[in-house]
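First listed ligand is number 1; within each ligand, the first listed atom is number 1.
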Amino acid sequence: MFGRRSFLEALASTPVLSALLPATALAATKRDIIRELGVRTFINAAGTYTALTASIMPPEVMQAMQTAWPQYVSLVELQTKVGERLAQLLKCESAMVTSGAAGALTVGTAGCVTGKDPKAILQLPDTTGLKSQVIMQKSHRFGYDHAVTATGVKIVEIETEAELEAAAGPSTAMMLFFNDAEPRGRIDNAGWVRLGKKLGIPTFVDAAADTPPVENLWKYTGMGYDLVAFSGGKGIRGPQSAGLLLGRKDLIEAARLNTSPNGTTISRGMKVNKEEMVGMLAAVDRFVKLDHAAERREWDRRADVIRKAAVKLKSVESDVVVPPIANNVPHLRIKWDPAVIKLTPQEAMKKLREGSPSIEACPMTNREWLVFGVWMMQKGDAEVVAKRTVELLKSAMV
Ligand SMILES: *Cc1c(COP(=O)(O)O)cnc(C)c1O
């Protein structure tokens, strides 16, 4: 015999019957594996960090994925049609959904190396006889360039225009620019594109974390970059395992040949299925239509709630900083006199994590400042963070 719960579960698992159940009964039977496993959940006062699962997909993204779920399609046909719609929405020649921005770096680089040559595609990561070098400014080297060298290419570092022109040659596959590093390099975005065109080498910019502003989604292709990478699951709030590769049609076609569903390719392990493809399209569609000014006002409000509560305490100071390129959104910073409040910002971060509800502060927290990213918080979170932060600082007062 069924108990009430297992009876509801059996009904809920039968699509025709589950339609007859009231929503409340269905909610009661929903399996919560995160709870079952006892995995810690927390308020995200950090930002779009992969290790913290980064962002929460809006309902219209989940709905698009769920609608796609029980339908078989040709993955290649879906990839083509999703790419065409993305290219329209983002005002570029061509587009594809990748396995994150890191996946976009790998498949985009592979496309630059092999073009559409089946023998070259099969040969990677062995680049013998192929274009085997990617040029970068020394100050632009970053952790994610591992996704580029994973194809087998070697990175050649340059600093000046003259060094770039000397390094460029028949074995140069591509010139990579790290957007967030622009202020640190001698050659800026416009110069990079100009030199690429002059030398006949494809240019690629990693702008993974650089939305908002939304206009960045067409700014870099508009400037003349041949390829642009964005994360799907950061500010755009698409599937966390998705990304965007935008740019030149022939290069995107070549990139697609280097990845799933094609079996014998360097990026076969960077598979993207239909749910991520349609989810990414739904997320971009939502993001380009979003009231970004209203979003910003809400982030400012959250920062204000926490700031106002904190500065009532003795010696506490607080401000809001907006990083200029990546994560270009308000971050709240709080500091205090350690002689008045006996706690370092890093200790505060740890205590917030270990408290209830658990709160993850921003990893930008340092010796001086406790930092909160407010943009990925959910309704009511700012008020809880304000209350818990005040309690914590008060408890450490001498
Ligand atoms: C986050 C990030 C990536 C990786 O993005 P995923 O979408 O997680 O693959 C790559 N490059 C930069 C600059 C990033 O900030």
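- The ligand atoms of ligand 1 that sit less than 4.0 angstrom from a heavy atom of S231 are 1 (C), 5 (O), 6 (P), 7 (O).
- Heavy-atom contacts of A102 reach the following atoms of ligand 1: 4 (C), 5 (O), 6 (P), 9 (O) (cutoff under 4.0 Å).
- Below 4.0 Å from some heavy atom of F178 lie the following atoms of ligand 1, by number and element: 13 (C).
- Taking CG of L195 as the start and NZ of K197 as the end, the distance is 11.5 Å to the nearest 0.5 Å.
- Polar contact check, S99 against ligand 1: no nitrogen or oxygen pair lies under 3.5 Å apart.
- Of the candidates K234, Q240, M270, the one placing a heavy atom closest to atom 15 (O) of ligand 1 is K234.
- Aromatic ring centres of F372 and H331: separated by at least 6.0 Å.
- Residues Y144 and I236 do not share a hydrophobic cluster, clusters being chains of Ile/Leu/Val/Met/Phe/Trp/Tyr side chains in contact below 4.5 Å.
- Scanning the protein heavy atoms around atom 11 (N) of ligand 1, the nearest turns out to be D206 OD2, 2.7 Å.
- The nearest protein atom to atom 12 (C) of ligand 1, hydrogens excluded, is given as A208 CB, 3.3 Å; this is a heavy-atom distance.
- Screening R302, K308, R388, R301 for a salt bridge (charged side-chain N to carboxylate O under 4.0 Å, His left out) with E383, the sole residue that qualifies is R301.
- Note that CD of Q123 is 11.0 Å distant from CD1 of I266, once rounded to the nearest 0.5 Å.
- Below 4.0 Å from some heavy atom of A209 lie the following atoms of ligand 1, by number and element: 15 (O).
- The CG atom of L313 lies 6.0 Å from the CG atom of L393; values are rounded to the nearest 0.5 Å.
- Atoms of ligand 1 found under 4.0 Å from any heavy atom of T50 (numbered from 1 in listed order, with element): 8 (O).
- N216 and D210 share no side-chain donor-acceptor pair at under 3.5 Å.
- With hydrogens left out, the protein atom closest to atom 4 (C) of ligand 1 is Y144 CE2, 3.5 Å, a heavy atom.
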